[in-house]
Amino acid sequence: MKLNTAELSTTASPHLFSRRKSDWIMQQVIIALVFPTIAATYFFGFRVLLMVLVGVVSSVFFEYAYQKYRNIPSTISDYSAVVTGMLIGLSLPVTAPLWTIVIGTAFAILIIKQLPGGIGRNALNPAVAARVMLKVFFTPWITDWVTPGADAVSTATPLEYIGHFSKSVSAEVPNLMQLFFGFELGGNVGETSKFAIILGLIYLVVRGIINFKIPLLYVVTVAVVTGLYSSFDLTYMMTHVLSGTLIFAATYMATDYSSGPLTPDGKTLFAIGLGVLTALFRILFNFPGGVGFAILIMNALTPVIDRYLAPRIYGHKKRPKVLKTT
Amino acid sequence: MFAFKYKREGAYTEERKERTEHLPIEEAPVPDLLIFPLAMHIGKPAEAIVEVGDKVKMGQLIGKKDGFISANIHSSVSGKVTDIKEAATMHGIGTCIFIENDHKDTPAAPLFQGEAPTDKQARIKLIEDAGIVGMGGATFPTNVKLSPPPGKTIDTLIINGAECEAYSTSDHRVMIEYADELVKGIQILLDLYPIKYTYVAIESNVHDSIEALEAAIGDDSRIKIKELETIYPQGAEKRLIKNLVDREVPSGGLPADVHALVSNVSTIRQVYQTIAYGTPLMSRVTTLTGEPVKNPKNLLVRIGTPIQTLIDACDGFQSKPGKMLHGGPMMGKPINSGQIPITKGSTIITFLPKEEVVADERTPCIKCAECLNVCPVSLQPILISNAYEQGDIDEAERLGAMDCIDCGNCSFICPSNIPLLENIRKAKGEIKARKENK
Ligand code: SF4
Ligand code: SF4
């Protein structure tokens, strides 16, 4: 075969590209979310699947409709709306009416994600913002804490058992094994089994999708702060670590690309900040959802963090002075 | 696999070396007509000192260095000058000397008679006369590197055998087959400079070259082989210095600023040839490869040989090439003529298959931070690219656009197909233009 020079492309370097594309990355997050979804279905029944489905369908619908209405290119094929929908479906208790999920996704997609400019532009994590909004405005419908089982009854959350300003764990709190695997535990469906979430976390780390530093530092910081507060009462610390939405949020929400820092040092500070705020909220105030507020606050601080922690460039003595962070 | 330090300062690009890494170097056929661009090095083009109709010998000076950063050019065959005109080269259109080969290889007198000079200045002069430039692709005159400005001493010599580009195997073969000459070349430099640390940097994926070098080094304890992680761009000068001696070349500075001298293996081998036999730089090892090439080869090529001669030597193509590159797929320059000649910096000619030359559609940045993670000089490529697209050249400069080493990692890794390096290059162009206008 002869060389046909007319057929040669002359675009500039580089000439090879990684095969990992944005849609593939989001698909990996979806796969990682399948683990807690299966666990939740096991503990709470098939209604969980319905909740996830409603979350996904409504998220994708709102994104599609918004972009159609604004006449801008559709981004539903990047799967990020699917991730948001799954997260919202999984962050509510099994008793939550389906319409609350629809309201949550509408808020997440339209107000939080699309208004600032869509994927990569949103300052706040859409799923977290939706969850906090629902907690604040729709409490009676979504905070019934249900323990799975035939005769589901509302119970207090493990954190309410601990109570604020208390330094030890009362006997009524589910034991650590229960908390870890999710047996006979109430709560938002996705966060019940820490074991399933950790499988998802391992998957994401092995696939190179998330930076392991963030969930690790986040959880360790919570442990350390609660440890300092309780003079390192191990049961107290571990109950905090394994209770509530901490591990779930640390894995799937604190690692969100858009709403977290870009810079390596920024990621470190972000994760530590999350841990400190979460622990303080839990110790000082008696309200559920400290994790959500912590994430939103750190999201809001992200541009400042990135600006001051811009990486030091090779061959320079100081970090560059950066004015913009997007 | 797992590293807590998430910033990798490099990317695990594909290697694709298997088709040529075990093939011995073959002598390429010498064509009837050779083409010598006067600009085959960085700096000022050489000045033609022959005229059309002149007879030349093999090794005869035909282009004389013009200025401090410039280099001599010698004919690699004997024959007749048939033309001096503009023609396509690796670096665009430029003046070239065309020499018709008489296939006699009548040699010109060597660069010195009798014994080689032992004096440092005389040896550096010899390297200058021989037209030696960095043969790893940078083509910076070697004599200039060897004469650092007063006050800048050299205590570290790094021999760069870290061939990090995909497909490249020419340095690898040079290290195996010319290990003795390479080590002798290193020893020549060690005798000239009070060097404390001497490292041959090799990527961990090429064990046979390590063995060959160990054998050649024998009991010379001054020379150490350093095995480095296989990661792109491991062979970038700035990264090598950082990884081997933990020093950072200051922004805008040279390796000599941190007392280091980095030189490619082929260059050092040429230094040996020049000091031992008085031969100027007339040939080099070039790999011609890529999936479309039927029988890819590592070839010992006379400078001035058109690429087409090498394609024929490799029996043409087995599938349609979509891109022809002077260099590898990360930093190579696209070229589109088989008449372009091999020059001093031609380590590899890569052909990429047609199917791989696709432009995927750009999608919005998802802020995955991968471009930061892979940047070998810790830039924030997406921010520079955004600043450029917003017309904010000041911000691009503050973000360190000028420190970018063009490695291509950011564009390679971006899952959203954002033309990061393209934008950074344009930003650099504007920053330079503004400086010149001031
Ligand atoms: S091309 Fe420049 S900005 Fe991009 S990764 Fe390489 S050095 Fe960094
Ligand atoms: S690699 Fe691409 S998508 Fe990821 S942060 Fe950089 S520019 Fe954005």
Side-chain angles (χ1 to χ4, degrees), chain A residues 1-18 20-26 73 75 77-78 80 117-121 205-206 208-209 211-213 216 256-264 266-267 306 310-317 320-326, chain B residues 2 4 6-7 13-14 166 238 242 248-251 253 308 311 316-318 320-325 329-334 336-338 352 356-357 359-360 363-369 372 376-380 382-383 386-387 395 398-400 403 408 411-413 415-417 421-422:
Chain A
M1 206 182 292
K2 279 207 108 39
L3 179 65
N4 181 355
T5 48
E7 284 191 0
L8 294 178
S9 151
T10 53
T11 49
S13 65
H15 310 284
L16 282 185
F17 299 94
S18 157
R20 299 162 57 119
K21 298 299 174 198
S22 301
D23 51 353
W24 181 84
I25 291 176
M26 292 302 160
T75 55
S77 58
D78 67 18
S80 63
I119 188 166
R121 296 293 179 84
V205 170
V206 169
I209 307 296
N211 190 333
F212 188 54
K213 185 164 91 175
L216 186 73
D256 174 44
Y257 294 152
S258 278
S259 54
L262 199 55
T263 59
K267 286 183 202 288
D306 268 346
R312 183 185 63 83
I313 301 165
Y314 181 107
H316 288 253
K317 293 232 154 57
K321 283 208 171 43
V322 182
L323 300 185
K324 294 180 189 148
T325 51
T326 51
Chain B
F2 172 74
F4 185 67
Y6 202 70
K7 180 131 179 39
T13 59
E14 292 163 74
K238 288 181 167 183
K242 172 88 183 169
E248 286 187 16
V249 181
S251 178
Q308 187 60 52
I311 297 175
F317 300 102
Q318 58 188 10
K320 269 195 180 167
K323 240 180 195 179
M324 171 162 70
L325 304 171
M330 292 302 284
M331 289 185 79
K333 261 210 163 85
N336 60 358
S337 160
L352 294 181
E356 278 203 71
V357 183
D360 283 315
T363 52
C365 167
I366 59 169
K367 256 188 95 184
C368 66
L372 280 80
V377 290
S378 300
L379 296 175
Q380 305 186 70
I382 180 60
L383 297 189
N386 283 348
E395 178 79 353
R398 277 193 294 273
L399 284 161
D403 290 290
S411 292
F412 167 82
I413 206 83
S416 298
N417 310 310
L421 175 54
E422 194 181 318

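The sequence lines fix the lettering, A, B, ..., with proteins before strands; numbering per chain opens at 1.
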Between A:Arg312 and B:Glu248 (salt bridge meaning N to carboxylate O under 4.0 Å), is one present in this structure?
yes
About how many Å separate CG of B:Leu325 and CG of A:Leu8, when rounded to the nearest 0.5 Å?
9.0 Å
Under 4.5 Å heavy-atom distance to chain A, tell me which part of B:Cys365 shows up: side chain, backbone, both or neither.
backbone
Is any side-chain heavy atom of B:Gln380 closer than 4.5 Å to a side-chain heavy atom of A:Pro311?
yes
Against chain A, label B:Asn336 side chain, backbone, both or neither, depending on which of its atoms sit under 4.5 Å from a heavy atom there.
both
Between B:Met324, B:Gln308, B:Lys333, which has the largest tally of heavy atom pairs under 4.5 Å with chain A?
B:Met324
Examine distances only and state if a side-chain atom of A:His15 and a backbone atom of B:Gly332 form a donor-acceptor pair shorter than 3.5 Å.
yes
Pick from B:Gly316, B:Pro250, B:Gly400, B:Gly253 with the largest number of heavy-atom pairs that fall under 4.5 Å of chain A
B:Pro250
State, with a plain yes or no, whether a side-chain heavy atom of B:Pro321 is found less than 4.5 Å away from one of A:Leu3.
yes
Measure the OG-CG distance between B:Ser416 and A:Asp23 for me, rounded to the nearest 0.5 Å.
9.0 Å
B:Ile413 vs A:Arg20 side-chain heavy atoms within contact, under 4.5 Å:
no
Say you draw a straight line from CG of A:Asp78 to OG1 of B:Thr363; how long is it, rounded to the nearest 0.5 Å?
7.5 Å
Less than 3.5 Å apart, any donor N or O on the side chain of B:Ser337 or A:Thr5 sitting next to an acceptor on the other?
no
For chain B, which of A:Ser80, A:Ser258, A:Gly118 has the most heavy-atom pairs under 4.5 Å?
A:Ser258
Side chain, backbone, both or neither: which part of B:Met330 has an atom under 4.5 Å from a heavy atom of chain A?
both
Would you check if A:Lys21 and B:Asn417 make a side-chain contact, meaning some heavy-atom pair closer than 4.5 Å?
yes
Name the option with the most non-hydrogen atom pairs under 4.5 Å to chain A; the candidates are B:Cys368, B:Ala166, B:Ala369.
B:Cys368
Heavy-atom contact with chain B under 4.5 Å, split by part of A:Thr263
both
Select one option (side chain, backbone, both, neither) describing which atoms of B:Ile366 are under 4.5 Å from chain A's heavy atoms.
both
Region of B:Leu421 in contact with chain A, defined by heavy-atom distances below 4.5 Å:
side chain
Rounded to the nearest 0.5 angstrom, the NZ-CG distance for A:Lys321 and B:Leu399 is 13.0 Å
Hydrogens and angles aside, do B:Lys323 and A:Thr10 bring a side-chain donor and acceptor to less than 3.5 Å of each other?
no
Quick check on A:Ala6 against chain B: is it the side chain, the backbone, both or neither that has a heavy atom closer than 4.5 Å?
neither
Nearest-0.5 Å distance that lies between atom OG in A:Ser13 and atom CD in B:Glu422
10.0 Å
Between chain A and each of B:Glu356, B:Lys320, B:Met331, count heavy-atom pairs under 4.5 Å; write down the option with the most.
B:Lys320
Please tell me if the side chains of A:Ile313 and B:Ser251 come closer than 4.5 Å, counting only heavy atoms from C-beta onward.
no
So for B:Val357, is it side chain, backbone, both, or neither that comes closer than 4.5 Å to the heavy atoms of chain A?
side chain
Under 3.5 Å: donor-acceptor pair, side chain of B:Lys238, backbone of A:Tyr314
no
